[in-house]
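Since this is a predicted model, take the numbers as computed values, not measurements. Only this structure's heavy atoms are used, side chains among them; waters, hydrogens and symmetry mates stay out.
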Amino acid sequence: MTEFPLQTSETADPAAARILETAEKQNGFVPNLFATLANAPVALEAYTTLAGVIGKRSTLTPTEQQVAFISLSLENGCDYCVAAHSTIGASQNVPEDVLDAVREQRPLPDDRLEAVRALSLSLLRKRGWLDEADLEAFEAAGFERAQALEIVTFLALKTISNYTNHLADTPLDAAFEPRRYERVA
């Protein structure tokens, strides 16, 4: 893998340093993903801006969002993001049976959540070229068609983080260690 140093607010470009300082205040630590993205301030700002917009504007529940984030990260083979979003999901009161099922790629215990996972994976696998049946199944679970576009933004966010973690082999943070995920071959 390419080596990317973990930047700090002292070593990063000033624009990235401000974002790292904010992350530390919000989380109590700077996630290694952020420290890695800080090597390219535009990447860090793009990621945090998109994450912020999703957090403020998404009409999907936190549980639905985490199901999408974990499902996309699993499909992309990003163990770091699976662990991170499992930790975030637990902090947002995502039920443990949901976290376990999505991590184990088993059917989810709720039709809406299963529809989120299915649409997320279809969007990724089909590169956005969905069949009408994909959208109809999503709508049949109680979603609006426009919410499929929200999942496209989730996919964009996970593309930034998953690919960064692949490129940099980002080390897992201690905060995410209890929910470490390792793919089974």
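- Checked by atom type and distance alone, the side chain of E104 never pairs as donor or acceptor with a backbone atom of A101 at under 3.5 Å.
- Looking only at distances, a side-chain donor or acceptor of T36 sits under 3.5 Å from a matching main-chain atom of N32.
- Within the 3.5 Å criterion, the main-chain N or O of I70 finds no donor-acceptor partner in the side chain of S73.
- Using modelled atom types, no side-chain atom of E24 and backbone atom of E21 make a donor-acceptor pair closer than 3.5 Å.
- For the 3.5 Å distance criterion, the side chains of T11 and Q7 qualify, holding a donor opposite an acceptor.
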Test log, rule salt bridge (charged side-chain N to carboxylate O under 4.0 Å, His left out), inputs D100 and R106: CA-CA 8 Å; D100 291 343; R106 291 185 285 111; 5.3 Å; no

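- Looking at Y163 and N76, their side chains never bring a donor and an acceptor atom within 3.5 Å of each other.
- Between L99 and R179 the shortest side-chain heavy-atom distance falls below 4.5 Å.
- Although no hydrogens or angles enter the test, the distance criterion places a donor-acceptor pair under 3.5 Å between the side chain of R183 and the main chain of G77.
- Shown here for R112 and G142, the closest heavy-atom pair between the two residues is NH1-O, 3.1 Å.
- No side-chain donor from either of T22 and K25 sits under 3.5 Å from a side-chain acceptor of the other.
- With contacts defined as side-chain heavy-atom distances shorter than 4.5 Å, the pair D169/Y80 does not qualify.
- Panel note: side chain R117, backbone A68; no donor-acceptor pair is recorded below 3.5 Å.
- A donor-acceptor contact shorter than 3.5 Å links the side chain of T153 to the backbone of E150.
- Atoms CG and OG1, on L33 and T48 in that order, are 10.0 Å from each other to the nearest 0.5 Å.
- No donor-acceptor pair closer than 3.5 Å links the side chain of D134 to the backbone N or O of L130.
- For the pair V102 and S71, the minimum side-chain heavy-atom distance is below 4.5 Å.
- When side chains are defined from C-beta on, F154 counts as touching L60, because their heavy atoms get closer than 4.5 Å.
- In this structure, H85 and F69 have tilted ring planes: the angle between them lies in the 30° to 60° band.
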